[in-house]
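Here is the structure we will look at.
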Amino acid sequence: MKLLPFLALACVSLATAKQPNILFLFSDDHALRSISAYGGDLAKVAPTPNIDRLAASGAIFENSFCGNSICGPSRATIMTGKHSHKNGFLRNSGKGLDQSQWTLSKALHGAGYNTAVIGKWHLVSDPVGFDYWEILPGQGNYYNPVFKQMDGTTKKFNGYCTDITTEKAIKWLDKRDKEKPFFLMCQHKAPHRTFAPALRHLKAFEGVTIPEPPTLFDDYKNRSGTLAKNEMEIDRHFDWAYDAKVRKDERNGIKLPGLDRYPTVEYRRMTEAQKKQWDAHFGPENRAFIEKVPNMSHKDIVRWKYQRYMKNYLATVKAVDESVGRMLDYLDENGLAENTIVVYASDQGFYLGEHGWYDKRWMFEESFKMPFTIRWPGVTKPGSRPKEMIQNIDYAPTFLEAAGVEIPNEIQGKSIAPVLKGDSKEWRKSLYYSYYEKGEHNVPQHFGVRTETHKLFYLPETGEWQLFDLVKDPQELKSVHDSPAYAKVKEKLTQEFNRLREHYEAPPMK
Ligand code: SGN
Ligand code: CA
């Protein structure tokens, strides 16, 4: 197929059957392990009955990955169907997404869709290709958030960001142009840092003990020395007031080990009534902790922080899940479910204490993976769990296929429709990964390849290679790059890495 300019492409819409609506439900930093449909050790505590409901009525992918495990770049990839080096959005910082290039929203809009994005956007430049948008500036806030309006002004709304985003999405659905199919991106801030729950959910995990991952006290041995230099440990870098919610004025002068630098940004945003609810929950817990702390071991303090982190994280997930439930109910109640593709995904994974960490960025499984569940009436088999490796470059072409729009050559992903239909003999056997940011959390740049059984990546800063055997070492605790037993695997993966870099036209690694 020849490369078609956008306008020509819009005109050659192949749509014959009724174009399905596309409801894209998205969140920020939602790790797979905290969705109970994925199973695993957190399944019993993960508050996700509605995401599970969606998964049960469609397909859920265990092997779903991003191309660059950071917010803006992941979103830019979704909007363009291309890896970061091709769409130009390599890091969160920067000029923003160049929307003069081909984008999903422009293509669907051109193909007759009524389009909207509501909530977290994080692509710096204002949305293009949307009939309606109302977005959080930058990272946005949890309490009483401000939303940027289409006329460039900002407005503050009282309440909890996840709920407000949902209400705005439903309001738009009510008012949309019903003659057209819709493409709605409903995108939450949660469960992103600083993991601030809806006040009604503060006590959701009271009395519950969250299982600890086996690597909560990782020693970072047998891997690149850069791991120990990251600044995302629950132990050393989870800020006491900002992240762990123990304010300075609540400490009785006791000094706590670890990072203690940031202000209580979300607390300061609350009304007096909201603060009262917050304090009624955290106050007594914090007092009890401060009393105990002089007699606690360092490890027990880390464990306490882990519990505090996870309960707040999961409580923010609970509101996201309720949002998914409300959106699914809306489709049911309005007779839209049968002709609407629904996706729930998040921009990358996240560390929930694995390797002692929070945050993401690394190509290790927990942050490389994105949750992805899709219900495409007539296409997905209810309750299916495809094993194929999909990536966020695939979303745009999948939606284009659904909309009957020809997929331009420049797009690097592939429609996952064949996988959903169980016809995936030709499906990819390897994935390309790149991470370019340098700064917060001190994770170095790295570039790699993952197959169904192994992972290889290169760290230009130190000139190191890391190789992991995902079958024998699923927690990725030992690089076998220099092990003679893996010489053949290493050679094959290096070749595959080079092949992928050529295939995706990746620039030299610096
Ligand atoms: C913010 C967070 C970081 C986080 C980045 C990227 N700090 O800067 O912890 O890694 O976002 O996250 S915060 O104090 O502002 O919460 S991303 O999801 O937007 O890429
Ligand atoms: Ca994110």
Side-chain angles (χ1 to χ4, degrees), residues 24-32 34 64-79 84 89-94 96-97 119-124 135-143 145-146 161-162 165 185 187-197 230-234 236-245 258-269 305 309 312-313 316-317 320 344-353 355 357-364 366-372 392 434-445:
F24 188 70
L25 306 174
F26 202 55
S27 63
D28 197 344
D29 294 2
H30 193 179
L32 264 68
S34 56
S64 153
F65 298 86
C66 57
N68 181 351
S69 181
I70 189 85
C71 193
S74 173
R75 289 157 198 260
T77 289
I78 290 170
M79 295 309 292
S84 305
F89 200 107
L90 304 174
R91 318 172 171 85
N92 273 345
S93 55
L97 182 63
K120 182 151 175 191
W121 171 246
H122 213 200
L123 290 172
V124 187
I135 55 170
L136 298 169
Q139 297 284 3
N141 284 103
Y142 276 104
Y143 304 119
V146 161
C161 191
T162 306
T165 303
M185 305 181 93
Q187 312 202 131
H188 296 292
K189 170 178 175 62
H192 190 272
R193 198 178 180 195
T194 59
F195 327 109
N230 294 169
E231 293 170 4
M232 48 198 233
E233 289 171 26
I234 294 172
R236 294 189 298 152
H237 312 106
F238 197 73
D239 191 88
W240 276 106
Y242 191 64
D243 295 312
K245 324 292 183 217
L259 191 70
D260 196 9
R261 193 189 296 161
Y262 300 120
T264 48
V265 175
E266 289 293 342
Y267 186 76
R268 288 178 188 181
R269 298 185 61 79
K305 267 183 164 176
Y309 163 40
N312 286 336
Y313 180 94
T316 70
V317 168
V320 171
Y344 178 78
S346 191
D347 58 351
Q348 357 76 207
F350 210 70
Y351 295 98
L352 301 178
H355 306 294
W357 290 333
Y358 65 99
D359 214 68
K360 53 258 177 177
R361 299 158 195 270
W362 277 109
M363 198 193 171
F364 296 118
E366 294 83 359
S367 53
F368 187 19
K369 284 191 173 180
M370 295 170 81
F372 187 87
N392 51 354
S434 60
Y435 172 75
Y436 291 90
E437 203 167 284
K438 181 93 191 87
E440 207 180 2
H441 301 298
N442 206 25
V443 174
Q445 285 193 356

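Bear in mind the structure is a predicted one, so any value in this text is a computation, not a measurement. For ligands, and for the atoms within them, numbers begin at 1 and follow the listed sequence.
Residue contacts with ligand 1: Gln348 is included, with a non-hydrogen atom under 4.0 Å away. Ligand 1 has Lys120 within reach: a non-hydrogen atom of the residue lies less than 4.0 Å from it.
A donor and an acceptor atom, one from each side chain of Tyr351 and Ser367, are located under 3.5 Å apart. Under the 3.5 Å distance criterion, with hydrogens and angles disregarded, no donor-acceptor pair is assigned to the side chains of Thr77 and Asn392. Between the side chains of Tyr435 and Arg361, at least one donor-acceptor pair of N or O atoms lies under 3.5 Å.
Across all non-hydrogen atoms, the minimal contact from Glu266 to Tyr142 is OE2-N, 3.0 Å. Closest non-hydrogen pair, Tyr242 versus Pro263, comes out as CD1-O, 3.0 Å. Listed here is the closest heavy atom pair of Phe372 and Ala345: CD1-CB, 4.0 Å. Heavy atoms only, all atoms of each residue included: Leu136 and Gln139 are closest at CD1-O, 4.3 Å.
Heavy-atom contacts of Tyr242 reach the following atoms of ligand 1: 13 (S), 14 (O), 15 (O), 16 (O) (cutoff under 4.0 Å). Atoms of ligand 1 found under 4.0 Å from any heavy atom of His122, numbered from 1 in the order shown, are 19 (O). Within ligand 1, counting atoms from 1 as listed, the ones closer than 4.0 Å to a heavy atom of Lys360 are 4 (C), 6 (C), 10 (O), 12 (O), 17 (S), 18 (O), 20 (O). Heavy-atom proximity to Ile70, at under 4.0 Å, picks out these atoms of ligand 1: 6 (C), 20 (O). Each of the following atoms of ligand 1 lies closer than 4.0 Å to a heavy atom of Asp29: 18 (O). For ligand 1 and Arg361, the ligand atoms under 4.0 Å from any heavy atom of the residue are 4 (C), 5 (C), 6 (C), 10 (O). Shown in contact with Asp28 at under 4.0 Å from a heavy atom are these atoms of ligand 1, numbered in order with element: 18 (O).
Scanning all protein heavy atoms for the shortest distance to atom 1 (C) of ligand 1 gives Gln139 NE2, 3.5 Å. The protein non-hydrogen atom at the shortest distance from atom 9 (O) of ligand 1 is His441 NE2, 2.7 Å. Here the heavy atom of the protein found nearest to atom 8 (O) of ligand 1 is Glu440 OE1, 2.6 Å. In this structure, atom 4 (C) of ligand 1 lies nearest to the protein heavy atom Asp359 OD1, 3.4 Å.
Note: Phe350 and Tyr358 have tilted aromatic rings, judged against thresholds of 30 and 60 degrees for the angle between ring planes. Classified by interplanar angle (parallel below 30°, tilted 30° to 60°, perpendicular above 60°), the ring pair His30/Tyr344 is perpendicular. The aromatic rings of Trp357 and His355 lie tilted to each other, with the angle between the two planes from 30° to 60°.
Residue contacts with ligand 1: Asn92 is placed with a nitrogen or oxygen under 3.5 Å of a nitrogen or oxygen of the ligand (distance criterion only). Checked by distance only, ligand 1 and Tyr358 stay at 3.5 Å or farther apart across all their nitrogen or oxygen atoms. Close N/O approach between Cys71 and ligand 1 is found [any backbone or side-chain N/O within under 3.5 Å].
Ion pairing of Asp29 with Lys360 is present here, as a side-chain N (NZ or NE/NH1/NH2) and a carboxylate O approach within less than 4.0 Å. Salt-bridge formation is detected for the pair Asp28/Arg75: a Lys NZ or Arg NE/NH1/NH2 atom is positioned less than 4.0 Å from an Asp or Glu carboxylate oxygen.
At a heavy-atom cutoff of 4.0 Å, ligand 1 is contacted by no atom of Arg91, backbone or side chain. Neither the backbone nor the side chain of Tyr262 has a heavy atom within less than 4.0 Å of ligand 1.
Residue contacts to the Ca ion (ligand 2): Ser346 brings no N, O or S atom closer than 3.0 Å.
Between OD2 of Asp347 and OE1 of Gln348, the angle at the Ca ion (ligand 2) works out to 90°, rounded to 10 degrees.
Taking the N/O/S atoms of Asp29 in turn, the shortest distance to the Ca ion (ligand 2) belongs to OD1. Closest approach between the Ca ion (ligand 2) and any N/O/S atom of Asp28 involves OD1.
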